[in-house]
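Everything below concerns the one structure shown next.
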Amino acid sequence: MRLKVAVLEDDGEFREEIVVPQLVKLGFDAEGFETSASLYRRMLAVPFHLLVLDLWLDGESGLDVARYLRENSTIGIV
């Protein structure tokens with residue numbers, strides 16, 4: 001079973017052309033998200049094992065996302 005990794009990064013080019021493809025190349029099942037809202041919606045359907053989190057997001061800060069997920073999930077956060 002491959003680890004399911006979510007990437008929350010608001011820089012679309014960096015997320016979709018560098019981070020997600022490199023994770024896939026390393027053998028992870030990776031999926032990228034631009035906003036915390038889109039990540040939260042997807043987490044209702046998909047059990048992610050790990051989150052690669054940008055701290056400097058537009059809108060909600062990465063620290064707020066980490067706090068919320070700590071209270072509501074068991075996902076690992078990097």
Side-chain angles (χ1 to χ4, degrees):
M1 179 178 88
R2 294 181 353 171
L3 285 179
K4 184 77 173 154
V5 178
V7 177
L8 181 53
E9 166 63 61
D10 55 355
D11 181 334
E13 184 175 339
F14 178 65
R15 181 186 66 246
E16 297 301 327
E17 294 183 19
I18 297 172
V19 180
V20 170
Q22 287 301 312
L23 288 169
V24 169
K25 187 176 179 180
L26 290 169
F28 296 99
D29 184 4
E31 190 172 339
F33 301 91
E34 183 173 1
T35 66
S36 58
S38 62
L39 170 66
Y40 299 153
R41 278 192 302 275
R42 185 70 170 140
M43 286 179 73
L44 294 172
V46 175
F48 289 98
H49 299 101
L50 183 66
L51 170 65
V52 176
L53 177 61
D54 178 10
L55 292 180
W56 305 105
L57 298 168
D58 288 337
E60 185 176 17
S61 83
L63 291 176
D64 290 336
V65 171
R67 281 187 203 101
Y68 175 79
L69 291 174
R70 276 295 134 251
E71 294 173 3
N72 297 287
S73 78
T74 60
I75 193 169
I77 300 173
V78 177

Problem set entry | Shared hydrophobic cluster, Leu26 / Val7 (ILVMFWY, side-chain heavy atoms < 4.5 Å) | yes
Problem set entry | Cluster overlap Ile75 with Leu3, hydrophobic side-chain contacts below 4.5 Å | no
Problem set entry | Interatomic spacing from CG in Asp54 to CZ in Phe14 - rounded to 0.5 Å | 8.5 Å
For this session: Under the side-chain contact (heavy atoms from CB on, under 4.5 Å) rule, what do Asp29 and Val5 come out as? Steps first, then yes or no, please.
Result: CA-CA 6 Å; Asp29 184 4; Val5 178; over 6 Å; no
For this session: Kindly assign one of parallel, tilted or perpendicular to the pair Phe33 and Phe48, based on the angle between their ring planes and the thresholds 30° and 60°.
Result: perpendicular
For this session: Walk me through it: do Leu51 and Val78 pass the test side-chain contact (heavy atoms from CB on, under 4.5 Å)?
Result: CA-CA 6 Å; Leu51 170 65; Val78 177; over 6 Å; no
Exercise. Who pairs with Glu13 by side-chain contact (heavy atoms from CB on, under 4.5 Å), at least two apart in sequence or on another chain?
Worked result: Asp11, Glu17
Problem set entry | From CA spacing to verdict: side-chain contact (heavy atoms from CB on, under 4.5 Å), Leu55, Ser61 | CA-CA 6 Å; Leu55 292 180; Ser61 83; over 6 Å; no
So which atom in [X] and which in [Y] form the shortest heavy-atom distance, rounded to 0.1 Å?
X     : Y     : answer
Ala66 : Leu53 : CB-CD2, 3.9 Å
Val20 : Ala30 : CG1-O, 3.9 Å
Val65 : Ser36 : CG2-CB, 3.7 Å
Glu16 : Pro21 : O-CG, 3.2 Å

Exercise. When you look at Ile77 and Arg70, which way does the side-chain contact (heavy atoms from CB on, under 4.5 Å) test go after all the steps?
Worked result: CA-CA 9 Å; Ile77 300 173; Arg70 276 295 134 251; 3.3 Å; yes
For this session: Identify the residue among Arg15, Lys4, Arg2 that makes a salt bridge (charged side-chain N to carboxylate O under 4.0 Å, His left out) with Glu31.
Result: Lys4
